[in-house]
Amino acid sequence: MSQIQERGSTHVYKVNKISKEEMESMVERCVYEHPPFCSAACPLKLDVRAFLDAAAAGNFKKALQQYEKIAPFPLILAAGCDAPCERKCRLGEIGDSVAIRAVEEAVARYGEVTRIGGVFRTRKKKTAAIFGSGLFALFLAGEIEKKAYPLTVFCEQPDLEGFLRCETDFLDDNAFRAELKRLRGKEIEFVFDCRITRELIEEKRGAFDVLCCAEAVHAALYPEAPCAPELMYCADAGLVTGPTEGVLGAAFGAKKAALTVDRLAQKLDPSNTRGTEGAVESQLYTDLSEAKRLARVPLNGGYSKEAAIEEAGRCIQCRCEECLKSCAFLEHYKKHPGLLSKEIYNNTQIIMGDHQLNKPMNSCSLCGQCTVVCPNGFDMAQVCHRARQNMVSTDKMPLAPHEFALLDMLFSNNEAFLARPQPGYERCKYVFFPGCQAAAIAPETVRAAYEDLCARLDGGVALMLGCCGAICDWAGRYEMEAQTREFIDRELARLGDPIVIAGCPTCKKELSTHEGISIKGIWDVLLELGLPEGAHGLDRPAALHDSCGARGDEETQTAIRELAARLGCELIDTPYSGDRSPCCGYGGLAAYANREVASEMTEKCLERSDAPYISYCMACRDRFARKGRESRHLLELCYGTDAGAPPDISEKRRNRLMLKKELLLDLWHEETAEMKLDFELHYTDEARRMMDERMILTDDVIAVLRDFRETGEAILDGEDGMLVARKRVGNATFWVKFTKESEDSFTVHRAYSHRMNVVKREG
Amino acid sequence: MAAEKNYYTIDPQGKLMCVKCGVPLEKGKAKFMYLDNGFPVELPVCPRCGFVYVPEELALGKVASVERALEDK
């Protein structure tokens, strides 16, 4: 049989880089990391999700920690904020928005204050001064103190109470006392009863590294010097200050001003690396369908602790996880596609070292479900497919994960390949292309379908048994794919370029990309011809599983439903059907590269319903049956056949060979020379199970025993009395543990393989 | 002289017999090779014909994990 050349060495130091622009254009479609709309609307960037989550859990200490990140005086901000977050809350579209401000107020009131740094808090060397009072000066004092700059405030008031009272008359007594206590706890030096004059400010210029002042002070003393509000900085006067409006405006102004203080203290341009400041736009997608509690907890002048917990619990924690919810692969790696794609792209660019993302990259089923469920159409399949091709192009793609599947494809298109015009025809109007898995899993159904098409269609129906090339395409082996494409085109031309009748939606999709091919599904033909005699559906309701090969192919999906209806099938409507259908785990060669993820994909398909499953792709039928679910292919129902229990990997090959052999004999009257085994071979059940799990074919075992019979080379294991022989086949060495029943009869007990070559070493 | 490096050692302890040569396998020098990398090991080897035996536990354990590590290089 054909072999595939293993890559020569790990010492290949080249990369074919995917451009950064290409990567970014893909990655930016994922909105998972976009902020929720409430946080996006907050100029102070409160992490509202985390805040409400902690509050809902009754953890007011943690909630207050979140809030204090943006508010040095939480009660003041909570009391005076005009809450743009609430206006953007998505719940507001279908009910009441979450009363975020009121919850903030409750958290600020009931939350236990965490002391930052304590007595060991290190303070910076550079110093700052603030002249004047009011909300901006107060908030700025809090922000500068948080940044650990030694700070002195010069104000006209006689005491701390007077300083805090300025512009905060909206605070009730309790809140005022609490904030006074908080202010006292801060490491700020105050100079009271100051007459704030230009002379005083200029006099202090040498004593402090950065000078700041309230807006009123700036307006009165430096009317000629303009200030840049985006930086809160008056360069001409060398003062950090600027106009603000309202409580939230003062807090936001103080935040910007504190950053300017930071830059100036480091002798940097204040406009240097500030990041995005203020409210932003968000494109986050939120699923509102599950939102339940739409009415606000009544406020009654403010929330009790319990009421705040209840109200915070109404937050639906906006996150876009549409793909993570529907895709077992993304769910397995617990990464949103934006992040996973970045990591996979980086993986393709490693010149030396471990490609740790090879396995995830090869575990995607390339089914395209994410593109449909993602509100922005993120295409993980394209990312993984491009990455695989890229790795192949640089000779860094391991062959091991895909070799079995690729060899199986070569088997389909060599030993098991058949392309013949219908007996009596030289050129045919049609060719039936059932697909490699149909021939491997349900050969009787393929034969029945072909004979039916020959009998009922005019113009001749040729038969082509083989692989469409999806396997090597999925593996990223683009050169092999081009060869397969050429091969199929040549064979089709030989048959007279007939209209292809595909038995498998993936074949239909793959062959549709060939130039000049006219193609339809067997389901379309059966709808035109009418059902064959004896066709009948299941006698109980069944779930229809749409093939990932038919994603975006509405005609096929509709035709399949019509066919099922004509068969009398009662179909159960399941979530994730039609275009949203997940992959069974066979697609993209996931089952070969990552058995665990592929198994989770199959389970994800089956968790939608307890009913029997009807599918129209033979790989789906096979994988569902392997999980113990009653699983039927639509064509089995059409032709009254039953492929029965799922075949193992060797039986799948034998089925293809036998189908070819029997059809050649019965329809074309051609005998196939058979390679007879000149010895008897038996397998224990354990050996069979082991071989299927370890992807060892009976052909591999036969090769080992043939070699043993020729060379006599084997080991006798003294512990169990069994013989062990080996043979290198292609890129792997196969070992078989067996007993010899007679000269010509053997029983296989165990089999294993490794890819490394082992040789005797001299010296 | 520094001791020669071996990545893995198995001593057959007389429990394995070469069927072709009819002699017990001995602990001998062998080498695993994969993707242009080589690893010296000591495995059960027939002193006459040089048959190198790789037991199942080794093939599915250490060998498989080294294979995977090299494949991702």
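Chain A is the first sequence line, chain B the second, and so forth, proteins listed ahead of strands; every chain is numbered from 1.
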>> For B:Leu60, which atoms come within 4.5 Å of any heavy atom of chain A: side chain, backbone, both, or neither?
In response: side chain
> Going by an N to O cut-off under 4.0 Å, is there a salt bridge joining A:Arg755 and B:Glu71?
Replying inline: yes
>> Other residues, nucleotides and ligands only: do more than 12 of their heavy atoms fall within 6.0 Å of CZ on A:Arg728?
In response: yes
> Top residue by heavy-atom pair count (under 4.5 Å) with chain A, among B:Asp36, B:Leu43, B:Asn37, B:Val54?
Replying inline: B:Val54
>> If we define contacts as heavy-atom pairs under 4.5 Å, which of B:Ala69, B:Gly38, B:Gly50 has the most with chain A?
In response: B:Gly50
> Can you say whether B:Val45 sits under 4.5 Å from chain A via the side chain, the backbone, both, or neither, judging by heavy atoms?
Replying inline: side chain
> Can you name the nearest heavy-atom pair linking B:Val41 to A:Arg761, along with the distance?
Replying inline: O-NH2, 3.0 Å
> Which bit of A:Glu6 is near chain B, if near means a heavy-atom gap under 4.5 Å: side chain, backbone, both or neither?
Replying inline: side chain
> Between the side chains of A:Asn594 and A:Asn362, does any donor sit under 3.5 Å from an acceptor?
Replying inline: no
>> Using heavy-atom distances under 4.5 Å, tell me whether A:Leu357 contacts chain B through its side chain, its backbone, both, or neither.
In response: neither
> Is it the backbone or the side chain of A:Ser753 that comes under 4.5 Å from a heavy atom of chain B, or both, or neither?
Replying inline: backbone
> So, are B:Glu56 and A:Arg694 salt-bridged, with charged N and O less than 4.0 Å apart?
Replying inline: yes
> Would you call A:Asp744-A:Arg709 a salt bridge at under 4.0 Å N-O?
Replying inline: yes
> chain A heavy atoms under 4.5 Å from B:Leu58: which part of the residue, side chain, backbone, both or neither?
Replying inline: neither
>> At a heavy-atom distance under 4.5 Å, which candidate from A:Ala714, A:Gly712, A:Pro398 has the highest pair count against chain B?
In response: A:Ala714
>> Less than 4.0 angstrom from a charged side-chain N to a carboxylate O is my criterion; do A:Glu686 and A:Arg689 meet it?
In response: yes
> So which of B:Val66, B:Asp72, B:Leu70 has the largest heavy-atom pair count under 4.5 angstrom toward chain A?
Replying inline: B:Asp72
